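Each remark here refers to the structure printed beneath this line.
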Amino acid sequence: MTDPQQKHSKAYDLSEFRLLVVEDAPFISGLMSSALSEMGIGKIYVSPTVSDAKERILSYNAVQSSQNIDVLILDWLMPGTHGKELLTWIRAHKSDSIKYLPIIVCSAFASTELVEDSRDSGANEVMVKPVSAQKLSNRILYVIDRPRHFISAPEFFGPDRRRKVEKFQGEDRRKARPEEIEEEYEQLQ
Amino acid sequence: MSNFSDKVKKLHRMNKLKLKAGVPMDDEKFGYIDPAAIKRAQASIDNKEDSYIREVEEVLVKLDSTWEDIKNNKDEKQNKKLITDLSNYANNIKDMAETFGYKLMGSFGESLRDFCEKIDVGNEAHFVIVQAHIDVMWIAFKHNIKDEGGPQAKDLEQMLGQAIAKYST
C-alpha cells in the first residue's frame, strides 16, 4: 500500500478546476479570485448573494459534466442571508453533482461554535479570515487529498464529522477548536 | 423494529478531484500546490493594499451615514435592518483590515460588529458607545495606524474601552 505521506514529484495541475466564491464583499471576493487564479485554478466564479450562488450551482451542476463547479468557498456571514442557508440547500439537494459539492466555509468569526455549526450543517472545511494564500491552498489541498466519506443519517447529511477515522479508543476526535484545526492544516506545508 | 444504525449510511465517493488535478483517482499519495504559485498568490493579495485604503474609507463613510439614519429613524423594523447593515460594514472593515495587518482597525471593527448584537436604539448610552467606535475608527484610518500601532493605538483603545465601561452599566 502507498504511504499517503509520500508526496507526488509534480505539483497538482489545477487548470481544470472550477471554483465558486460566495462572498458579499467585492473587495474580499476580488482578493480571493486573484489569489486563486495565481495559484493556477482554471475558472473562478463569484456570487455576491446566496440566491445568485444557487442559480449558478443549478446552471453548472444540475447534471454531471466537466463544466461542474468543483469546490465552493462560502462566506458564513452575509447581509440578509446566512451561508448556512446555502450549505443546507446544497446538502439537501437531490442531484448528486450538487449535494456532494466540497464546501469550504469562510468566516471572520474564530469560534468553536462556528466550527461545530458549519460542520454539523455539512461543511467540509473551515477557513477563518483574514484570507491568505497559504490558508486557501491548504484548504484546497485538504479537499483534494483527504476527502472524507459522506454520512447519511436521519438528521445529518454531509462529510464524516470525524476528521480522522481510526479505531475508536474512547476519545472524541471531532475537533472543533479553530486553532486545533489550523495546526492540522499547517502540518501540510 | 429498525435500530438507529440501520438508518445511518456511510457513502464512499470516487475522488474525481484527483483526476482533475492530473493524477489517477485511486492514487493515495498526497499532492501539493506549486510553492511559487502560492507566493505569487500572496503577492497578488499584498499588492491590493493600496486599494484597501480607498475601500476602508468608502465603508467608513457608509458606516457614518447608516449610523446617522439609525439615529434619525423611529421605525423599529427599519432600524433593525439598518443595524444589520452597520454590523456588516463593521465586519467588512475587520476582514479587510486584518488581511493587511491593520490590527487596531480590525479590532475596532470586530468590537463594533459584536456590539451591534446588543444595540438598543432606545438606550442613549448605546449611542455613545457606537459613536465612540466610529470616532476611533476614523482616527485610526486618518493616522494610518498599522500593526499594533504603538502608544497612539493604546490611547485609542483606552478611549474606546473607557466609553464602553462608562456607558455599559
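Chain letters run A, B, ... following the sequence lines, proteins first, then strands; residues in each count from 1. Note that the structure is predicted; figures quoted are calculated from it, not measured.
- Residue contact with chain A, scored on non-hydrogen atoms closer than 4.5 Å, involves the side chain of B/N92 exclusively.
- When heavy atoms are compared at a cutoff of 4.5 Å, B/F100 approaches chain A solely by way of its side chain, counted from C-beta outward.
- For B/K20, the parts sitting under 4.5 Å from any heavy atom of chain A are the backbone and the side chain alike.
- Between B/T99 and A/K129, every side-chain heavy-atom pair lies at or beyond the 4.5 Å cut-off.
- Nearest heavy-atom pair across A/F27 and B/K48 is CZ-O, 3.8 Å.
- For chain B, the nearby part of A/I28 is the side chain; its heavy atoms alone come within less than 4.5 Å.
- B/Y32 belongs to no hydrophobic cluster, as no Ile, Leu, Val, Met, Phe, Trp or Tyr side chain comes under 4.5 Å of its own.
- Using a 4.5 Å cut-off between heavy atoms, A/S66 contacts chain B through its backbone alone, with no side-chain atom that close.
- Proximity to chain A (any heavy atom under 4.5 Å) is restricted, for B/N15, to the side chain, taken from C-beta onward.
- In this structure, the separation between CZ on A/F157 and CG on B/L11 is 6.0 Å, given to the nearest 0.5 Å.
- Along residues 47-60 of chain A, no residue comes nearer than 4.5 angstrom to chain B, judged on non-hydrogen atoms.
- When heavy atoms are compared at a cutoff of 4.5 Å, B/D114 approaches chain A solely by way of its side chain, counted from C-beta outward.
- Using a 4.5 Å cut-off between heavy atoms, A/E155 does not touch chain B at all.
- For B/K16, there are no salt bridge (charged side-chain N to carboxylate O under 4.0 Å, His left out) partners at least two apart in sequence or on another chain.
- For the pair A/D145 and B/K29, the salt-bridge criterion is not met [side-chain N within less than 4.0 Å of a carboxylate O].
- The greatest number of non-hydrogen atom pairs below 4.5 Å with chain B, out of A/A108, A/G40, A/S15, A/P147, is found for A/A108.
- With a threshold of 4.5 angstrom between heavy atoms, B/R40 approaches chain A through its backbone and through its side chain.
- Of the atoms belonging to B/S87, not a single heavy atom falls under 4.5 Å from chain A.
- Close approach to chain B, defined as a heavy atom under 4.5 Å from one of its heavy atoms, is seen in A/D96, A/Y100, A/P102 of residues 86-103 of chain A, taken by number.
- For A/I144, the parts sitting under 4.5 Å from any heavy atom of chain B are the backbone and the side chain alike.
- There is no contact between A/D75 and chain B, counting heavy-atom distances below 4.5 Å.
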